[in-house]
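Only heavy atoms go into these numbers, but all of them, side chains included; no hydrogens, no water, no symmetry mates.
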Amino acid sequence: VFLDRNVLIPALIGAPDAAPVLKEDWLVGGHPGQLLTSRSCVAEVECNRRQRLPEALPLWQDFLARSGIRDVSGKAARCAGINAKDAEIVATALRCSATHFVTGVKRLLAEMKRAELPALVTVTPREMLDLLLAL
């Protein structure tokens, strides 16, 4: 399961729609599979934390270490039909054979559905929660 950058901070702070996917149902529930993200997603979150809430960086780094979220960065071609900002992130998810891509960005969700990426199920954090609860 690949996590977009906009899912990582709500998971850390406990936002109602995103946090249960990681905090309660995945990390605590011991679901099979791996949580994945890219170095660029982590870097963007860290940049935002440095600017807005620098004292939270140690908590963020501890969260990353304990969560087992794996960085699958590497050279990935851009994904056609996806905006320039997100194209490499989507390509990274495809390259690492993620089965699900979790994002809360409606524009990106629409782009990914239009791009018809058969190897990748695109879901919101709430939809991922529903999938996990159905297991």
Side-chain angles (χ1 to χ4, degrees):
V1 174
F2 190 95
L3 304 173
D4 194 10
R5 59 191 163 267
N6 69 338
V7 177
L8 294 170
I9 286 295
L12 172 66
I13 63 174
D17 280 350
V21 173
L22 289 174
K23 217 165 152 186
E24 292 152 25
D25 292 288
W26 191 285
L27 297 178
V28 176
H31 289 284
Q34 284 216 291
L35 293 173
L36 312 169
T37 196
S38 71
R39 189 175 331 275
S40 63
C41 290
V42 171
E44 186 172 328
V45 169
E46 289 177 352
C47 179
N48 287 336
R49 290 306 91 208
R50 268 189 217 88
Q51 292 173 354
R52 297 182 185 156
L53 196 62
E55 60 274 14
L57 276 172
L59 177 64
W60 164 249
Q61 291 163 343
D62 183 54
F63 169 76
L64 278 179
R66 285 184 300 109
S67 70
I69 296 172
R70 194 166 59 111
D71 175 357
V72 292
S73 296
K75 193 83 170 149
R78 297 207 179 258
C79 193
I82 307 297
N83 73 81
K85 183 178 179 181
D86 296 314
E88 189 173 333
I89 292 169
V90 173
T92 298
L94 287 166
R95 183 186 54 75
C96 71
S97 302
T99 58
H100 294 75
F101 188 98
V102 184
T103 185
V105 179
K106 291 180 180 164
R107 174 199 36 78
L108 180 56
L109 286 164
E111 288 174 359
M112 292 178 74
K113 289 185 193 292
R114 277 194 307 271
E116 297 180 10
L117 307 169
L120 196 58
V121 177
T122 309
V123 293
T124 66
R126 176 58 54 195
E127 290 167 336
M128 189 70 223
L129 175 61
D130 292 342
L131 290 170
L132 291 173
L133 292 174
L135 292 178

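Side chains of Arg5 and Asp86 form a contact here, defined as non-hydrogen atoms less than 4.5 Å apart. No side-chain heavy atom of Ser40 sits less than 4.5 Å from a side-chain heavy atom of Thr92. Considering only heavy atoms from C-beta on, Glu46 comes within 4.5 Å of Leu64 through its side chain. A heavy-atom distance below 4.5 Å is found between the side chains of Phe101 and Leu108. Taking the side chain as every heavy atom from C-beta outward, Leu3 and Cys41 never approach each other to under 4.5 Å. Leu8 is listed as a side-chain neighbour of Ile69, based on a closest heavy-atom distance under 4.5 Å. Contact annotation: the side chain of Asp71 never approaches that of Val42 to less than 4.5 Å [non-hydrogen atoms, C-beta and beyond]. Side-chain contact between Asn48 and Glu44 is present, with at least one heavy-atom pair separated by less than 4.5 Å.
Heavy atoms from other residues, nucleotides or ligands lying under 6.0 Å from NZ of Lys113 number more than 12. Other residues, nucleotides and ligands contribute over 12 non-hydrogen atoms within 6.0 Å of the CD atom of Glu55.
Put simply, the side chain of Asp4 never gets that close to the backbone of Val7: no donor and acceptor are under 3.5 Å apart.
Both Ile82 and Ile89 are part of a single hydrophobic cluster, where members link through side-chain heavy atoms under 4.5 Å apart. Follow the hydrophobic side-chain contacts under 4.5 Å out from Val72 and you reach Met112 in the same cluster. In this structure, Val102 is a member of the same hydrophobic cluster as Val45, with clusters built from ILVMFWY side-chain heavy atoms closer than 4.5 Å. Residues Met128 and Val105 are members of separate hydrophobic clusters, defined by side-chain heavy-atom contacts under 4.5 angstrom among Ile, Leu, Val, Met, Phe, Trp and Tyr.
The two residues Phe2 and Cys96 make their nearest non-hydrogen contact at CD1-SG, 4.5 Å. Counting all heavy atoms, side chain and backbone alike, Leu36 lies closest to Ala98 at CD1-CB, 4.2 Å. Between Ala93 and Leu120, the shortest heavy-atom contact is CB-CD2, 4.1 Å.
The CG atom of Leu109 lies 7.0 Å from the CD atom of Glu127; values are rounded to the nearest 0.5 Å. Interatomic distance, OG of Ser38 versus CZ of Arg70, reported as 12.5 Å (0.5 Å rounding).
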